[in-house]
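Some notes on the structure that comes next.
Residue numbers begin at 1 in each chain, while the letters A, B, ... track the order of the sequences.
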Number of protein chains: 2
Amino acid sequence: MNEGLESDARQNGSDRVVSYFKDRILKGDLKVGDRVMPERELAQHLDVGRPLLREVMKSLVMLGFLNVRQGSGTYIAKADIRVLSDFFTFCLSQEQDVLEDVMQARMAIECQAIRLACERANEADLARIGQWLGTLIDTLTDPEAGGRADFMFHQSIVAASHSRALTTLYGAMAELLQRSHVQRRVTTYRNPEIVRVLVDAHREVFLSIVAKDPDQADRRLRDHFAIGDELRRRSLIETYRGAPAKQIN
Amino acid sequence: MNEGLESDARQNGSDRVVSYFKDRILKGDLKVGDRVMPERELAQHLDVGRPLLREVMKSLVMLGFLNVRQGSGTYIAKADIRVLSDFFTFCLSQEQDVLEDVMQARMAIECQAIRLACERANEADLARIGQWLGTLIDTLTDPEAGGRADFMFHQSIVAASHSRALTTLYGAMAELLQRSHVQRRVTTYRNPEIVRVLVDAHREVFLSIVAKDPDQADRRLRDHFAIGDELRRRSLIETYRGAPAKQIN
DNA sequence: CAAGTAAATTGGTAAGACCAATTCATTGAT
DNA sequence: ATCAATGAATTGGTCTTACCAATTTACTTG
């Protein structure tokens, strides 16, 4: 009885609608392109009013789960990472701690991807990574292009893992990462010594993949991240001191 | 004129409501914790009906932009990546034909989380992980309870990272894997040697966290996964042979 | 059979009504 | 004067009904 009561308290109309979609999508009963029951019919089926159904469905549209066509119907959407754009913009308008946390997820994905890349990368993958390494080196003085090359270097590594789950998750964070890369370059790339250290770090990462050594690649990539963290830390110190520190060490 | 027409065509009621919130949040006119104009008043202010306003606001709630309290009002929320859990599950569910691949993503998250756990776990975290290790050992002969203890052991490690991004992604994948019954394939083993190896592997993982050694923890966890893979491989061989192999090695 | 028109279907939006939860104002007791 | 209880007001939650806009389907005509 208590169990039944709890179940009722949790499954209000709104939740029933959400569950209807989640269950069917995850179970595969509703696939990309499938048409959903018409609103009026579905509202009746779920014993809710149409406005409530529409509220929930509007939410699912904005989360990218559904596509609606007036006069035609509602369809299951193909996942589209662009829906995350507003979310990340919202994050950026607030404090930055969420972004630092997303970097943890980024590292997780990249370090696993680079291990897989050591096993799975083909000639085209290696050529692409190498090419972006070259572009990265050539665009060190241009924050925009350099940031892009840096990002693409990393994304090529993830792509070389040939893991759709990893590339999908990485793609979801892509926009945020791109902004981060550009921002970082603006604040850290004026010292030739720093530039050299960074170029070397990227090169070591690439060579580890070529050498097909997962542990080394993982370690090199983490070292590369650690350098980035250190540079950011120094950059902050520099900012707060307000002095153009000529001497790093 | 054309410009004005285009502007009108784009700014329907729904878009006006979205813009109202986006503009004010991004400009800082509405900050975390600020109360929003009441629904009826805002609907009038924006020249839309209340149901339409509610549709949009429901969306913004589900995207994590707003918090609502019945009887009190609607407030600007603090960014929280947990709202994206369903989105990630949705994304990954569309790659469901390669579940082994999702296991790679799960491994990525766990290995990064265990590194963070070595730095961030508090006493309560360690006690929880240790407790689930104990339960896991006690329930080795029960597939249901043993499976659950195994899962909770791992989830406690991820929780001990105190990273919302990682725990969110882990949760999204866990839900997917649960529905696919992948984890149920790990059957209980009756060979005492195998049992000992498994228990030892879990214990080593736990001790690495206690020792606060990220590299060792990462390595131990990967070793543990490799053992699991090998056992699964043998399980499949056994299944297809249809022989109760008394002698494993 | 093809093209055009009308009807039906489906999504888009609103007004009005009523219920549920919280907050604020008023009243009564100490 | 202060505090607690009660009632009213406010705000969100949900529904019915009605009508408009866009698309699809059915029917009619050449």
Exercise. Within the side chain of B/T89, is there an N or O that forms a donor-acceptor pair under 3.5 Å with the backbone of B/A172?
Worked result: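 Yes, B/T89 side chain to B/A172 backbone: donor-acceptor pair under 3.5 Å.
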For this session: State whether the side chain of B/R222 and the backbone N or O of B/M107 hold a donor-acceptor pair below 3.5 Å, judged by distance alone.
Result: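 No: the side chain of B/R222 does not pair with the backbone of B/M107.
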In whole angstrom, give the distance that lies between atom [atom1] of [X] and atom [atom2] of [N].
X     : N      : atom1 : atom2 : answer
A/E55 : C/dG12 : CD    : C1'   : 14 Å
A/R54 : D/dT16 : CZ    : P     : 15 Å
A/L66 : C/dG11 : CG    : C1'   : 13 Å
B/E41 : D/dG12 : CD    : C1'   : 14 Å
B/R16 : C/dG12 : CZ    : P     : 16 Å
A/M57 : C/dT13 : CE    : P     : 14 Å
A/L53 : D/dT16 : CG    : P     : 12 Å
A/R69 : C/dG11 : CZ    : P     : 11 Å

For this session: Could you tell me whether the side chain of B/R40 has a donor or acceptor atom within less than 3.5 Å of a complementary atom in the base of D/dG12?
Result: yes
For this session: Could you tell me whether the side chain of A/R50 has a donor or acceptor atom within less than 3.5 Å of a complementary atom in the base of C/dG12?
Result: yes
Exercise. Start at the 5' end of DNA chain D and walk down; is the nucleotide closest to A/G49 or to B/Q70 reached first?
Worked result: B/Q70
For this session: Answer yes when B/R164 and A/D101 have at least one side-chain N-carboxylate O distance shorter than 4.0 Å, and no when they do not.
Result: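 No, this pair does not count.
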Exercise. Reckon A/S14 has a side-chain N or O less than 4.0 Å from the OP1 or OP2 of D/dG13?
Worked result: no
Problem set entry | side-chain contact (heavy atoms from CB on, under 4.5 Å) partner of B/L52, chosen from B/E55, B/R54, B/R50 |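 Output: one option passes, namely B/E55.
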For this session: State whether A/Y170 and A/R106 meet the cation-pi test: NZ (Lys) or CZ (Arg) under 6.0 Å from the six-membered ring centroid, and within 45° of the perpendicular axis.
Result: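 The answer is no, since A/R106 fails at least one limit relative to A/Y170.
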Exercise. Using a cut-off of 4.0 Å on non-hydrogen atoms, how would the nucleic acid contact of A/P38 be classed: base, sugar-phosphate, or nothing?
Worked result: sugar-phosphate
Exercise. Start at the 5' end of DNA chain C and walk down; is the nucleotide closest to B/V48 or to A/V36 reached first?
Worked result: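 Closest to the 5' end, via its nearest nucleotide, is A/V36.
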Problem set entry | Among C/dT13, D/dC15, C/dG11, the nucleotide that comes nearest once only the side chain of A/P51 is considered | D/dC15
